[in-house]
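What follows is one structure encoded as structure tokens, with my remarks underneath.
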Amino acid sequence: MDPCIEAPKQQTVDIDQLNQQFDEVHPKSILTWCLENLSDGLIQSTAFGASGMVIMDLLYKDLNPNPSIPVLFLDTLHHFPETLKLANDAQAHYGLDLQIFHPKGVTSRTDFSQQYGEQLWETDLEQFHQLTKVEPLQRGLEQLQAATWITGRRRDQSSTRGKMPIFECDQAGRLKVNPLANWSYKGVWNYLINNQVLYNPLYDQGYASIGDQPLTTMTKAGEEERAGRWRGKARTECGMHA
């Protein structure tokens with residue numbers, strides 16, 4: 001048994017059993033189980049990428065939880081304008097309980113540069129991610145009293161995610177759920193197109209994965225989905241999912 005203690009409820013769940021039970025199951029069934037069994041302290045964390053929009057559509061169009069579960073979005077102050085517009089459009093479309101968290105003490109990219117220096121991602125990428133993603137995420141999870149959080153990560157996104165389970169524990173003992181873990185990039189886009197789901201128009205311009213604007217480039221044919229993130233740097237994750 002690999003237990004995970006849900007904070008703040010202190011409910012023990014058997015990770016191994018859950019992963020055996022749900023590894024071949026459709027994401028909608030995983031989300032349904034979470035809503036039925038883990039609704040107290042359940043949230044979705046998303047950057048409004050393609051996979052996150054699939055989960056959002058399943059949750060808010062098909063399952064329609066009542067009351068709505070919070071949607072945690074990290075506005076790093078360095079997103080593409082298209083990403084911010086999609087967040088606003090999705091909030092209106094689904095009636096989201098959108099909870100936005102910024103880097104602590106700043107509310108604009110100009111403020112961030114004045115406090116931490118120009119192009120911090122070039123001089124200290126670790127600190128940049130700590131300030132824009134890692135700390136705001138932990139603050140958001142704590143303020144929302146999250147016991148379980150849903151992500152859009154998939155195993156086929158990169159080699160570092162190849163063995164990612166559907167259910168896992170984060171470092172604080174919260175339960176983390178990856179309903180699309182065994183889905184493919186093609187499967188995600190089949191769902192988005194067939195169900196006419198909102199998505200970031202940058203995907204149509206050659207971006208396969210979209211993060212912060214200064215650290216995201218278009219993806220070339222044959223590259224991994226996330227190859228355009230941190231191009232030229234020895235980096236595959238921002239630290240949020242360590």
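Using a 4.5 Å heavy-atom threshold, the side chains of Leu192 and Leu198 count as separate. Leu144 places a side-chain heavy atom less than 4.5 Å from the side chain of Phe101. Within the 4.5 Å cutoff, the side chain of Leu175 has heavy atoms near those of the Val13 side chain. Asp16 is not listed as a side-chain neighbour of Phe167, based on a closest heavy-atom distance of 4.5 Å or more. Within the 4.5 Å cutoff, the side chain of Thr148 has no heavy atoms near those of the Ile43 side chain. Between Val177 and Ile30 there is a side-chain heavy-atom pair separated by less than 4.5 Å. Contact check for Trp149 versus Leu137: side-chain heavy atoms found under the 4.5 Å cut-off. With a 4.5 Å cut-off on side-chain heavy atoms, Gln114 and Arg109 do not count as touching.
Listed by chain and residue number, Asp212 satisfy the side-chain hydrogen bond (donor to acceptor under 3.5 Å, both in side chains) test with Thr76 (two or more places apart in sequence, or in another chain). With sequence neighbours excluded, the residues satisfying salt bridge (Lys or Arg N to Asp or Glu O under 4.0 Å) with Arg139 are Glu135. With sequence neighbours left out, the salt bridge (Lys or Arg N to Asp or Glu O under 4.0 Å) criterion links Asp111 to no other residue. In this structure Asp97 satisfies the side-chain hydrogen bond (donor to acceptor under 3.5 Å, both in side chains) test together with Gln99, sequence neighbours excluded. Qualifying side-chain hydrogen bond (donor to acceptor under 3.5 Å, both in side chains) partners for Ser209, counting only residues two or more places apart in sequence or in other chains: Arg229. Considering only residues two or more places apart in sequence or on other chains, His102 meets the ring-ring contact (aromatic ring centres under 6.0 Å, His included) condition with none of them. With sequence neighbours excluded, the residues satisfying ring-ring contact (aromatic ring centres under 6.0 Å, His included) with Phe48 are Phe73. In terms of the ring-ring contact (aromatic ring centres under 6.0 Å, His included) criterion, residue partners of Phe80 (sequence neighbours excluded) are, by chain and number, Tyr207.
Proximity of a side-chain donor or acceptor of Arg174 to a complementary backbone N or O of Ala146 within less than 3.5 Å is detected. Remark: side-chain polar atoms of Gln44 are paired, donor with acceptor, to backbone N or O of Gly52 under 3.5 angstrom. Judged by distance alone, the side chain of Arg154 and the main-chain N or O of Ala181 form no donor-acceptor pair under 3.5 Å. Side-chain atoms of Ser39 never come within 3.5 Å of backbone atoms of Glu36 as a donor-acceptor pair (strictly under, hydrogens ignored). No donor-acceptor pair under 3.5 Å is formed between the side chain of Asp170 and the backbone N or O of Lys176. Counting only distance, with no hydrogens or angles, the side chain of Asp14 and the backbone of Gln17 share a donor-acceptor pair below 3.5 Å. Counting only distance, with no hydrogens or angles, the side chain of Asn178 and the backbone of Arg153 share no donor-acceptor pair below 3.5 Å. Here the side chain of Thr83 pairs no donor or acceptor atom with the backbone of His79 at under 3.5 angstrom. With hydrogens and angles ignored, the 3.5 Å screen pairs no side-chain donor or acceptor of Asn195 with any backbone N or O of Val197.
Evaluation of the side-chain hydrogen bond (donor to acceptor under 3.5 Å, both in side chains) test over residues 22-35, restricted to residues two or more places apart or in two chains, returns Asp23-Arg155. Sorted by first and then second residue, the salt bridge (Lys or Arg N to Asp or Glu O under 4.0 Å) pairs involving residues 188-211 (not counting sequence neighbours) form an empty list. Evaluation of the salt bridge (Lys or Arg N to Asp or Glu O under 4.0 Å) test over residues 77-93, restricted to residues two or more places apart or in two chains, returns Lys85-Asp89.
Among all heavy-atom pairs drawn from Pro103 and Pro136, the shortest one is CA-CG, 4.0 Å. Residues Pro179 and Thr151 approach most closely at CD-O, 3.3 Å, considering heavy atoms. Residues Gly95 and Ser68 share a closest heavy-atom pair of O-OG, 4.5 Å. Leu180 approaches Ser51 most closely through the heavy-atom pair CD1-O, 3.4 Å. Smallest separation of non-hydrogen atoms from Trp121 and Pro214: CE2-CB, 3.4 Å.
One finds the CE atom of Met218 at 10.5 Å from the CD1 atom of Ile210 (value rounded to the nearest 0.5 Å). Between atom CG of residue Leu131 and atom CG of residue Leu120 there is a gap of 6.5 Å, rounded to the nearest 0.5 Å. Rounded to the nearest 0.5 angstrom, Leu77 CG and Ser108 OG are separated by 7.0 Å. One finds the CG atom of Leu86 at 11.0 Å from the NE2 atom of His93 (value rounded to the nearest 0.5 Å). Rounded to the nearest 0.5 Å, atoms CH2 (Trp183) and CG (Asn190) are 8.5 Å apart. The CG atom of Asp124 sits 10.5 Å away from the NE2 atom of His129 when rounded to the nearest 0.5 Å.
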Show, in sequence, the C-alpha distance, side-chain angles and deciding distance for Gln115 and Thr110, and conclude whether the side-chain contact (heavy atoms from CB on, under 4.5 Å) test is met.
CA-CA 9 Å; Gln115 184 159 338; Thr110 299; over 6 Å; no

Working for side-chain contact (heavy atoms from CB on, under 4.5 Å), residues Ile150 and Leu31:
CA-CA 9 Å; Ile150 300 166; Leu31 294 170; 3.7 Å; yes

Begin with the C-alpha distance, continue with both residues' side-chain angles, and end with the deciding distance and a verdict on side-chain contact (heavy atoms from CB on, under 4.5 Å) for Ile166 and Leu18.
CA-CA 8 Å; Ile166 291 175; Leu18 288 175; over 6 Å; no

Apply the test side-chain contact (heavy atoms from CB on, under 4.5 Å) to residues Glu126 and Gln130: give CA-CA distance (whole Å), side-chain angles for both, the deciding distance (0.1 Å), then the verdict.
CA-CA 6 Å; Glu126 193 74 30; Gln130 178 66 31; 5.8 Å; no

Side-chain donor-acceptor pairs under 3.5 Å in residues 53-62, sequence neighbours left out?
residue : atom : partner : partner atom : Å
Asp57   : OD1  : Tyr94   : OH           : 2.7
Asp57   : OD2  : Lys61   : NZ           : 3.2
Asp57   : OD2  : Tyr191  : OH           : 2.7
Tyr60   : OH   : Ile69   : O            : 2.5

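Between Phe112 and His78, the ring-plane angle classifies as perpendicular under the 30° and 60° cut-offs.
Using modelled atom types, one finds no donor on one side chain facing an acceptor on the other under 3.5 Å when comparing Ser184 with Asp156.
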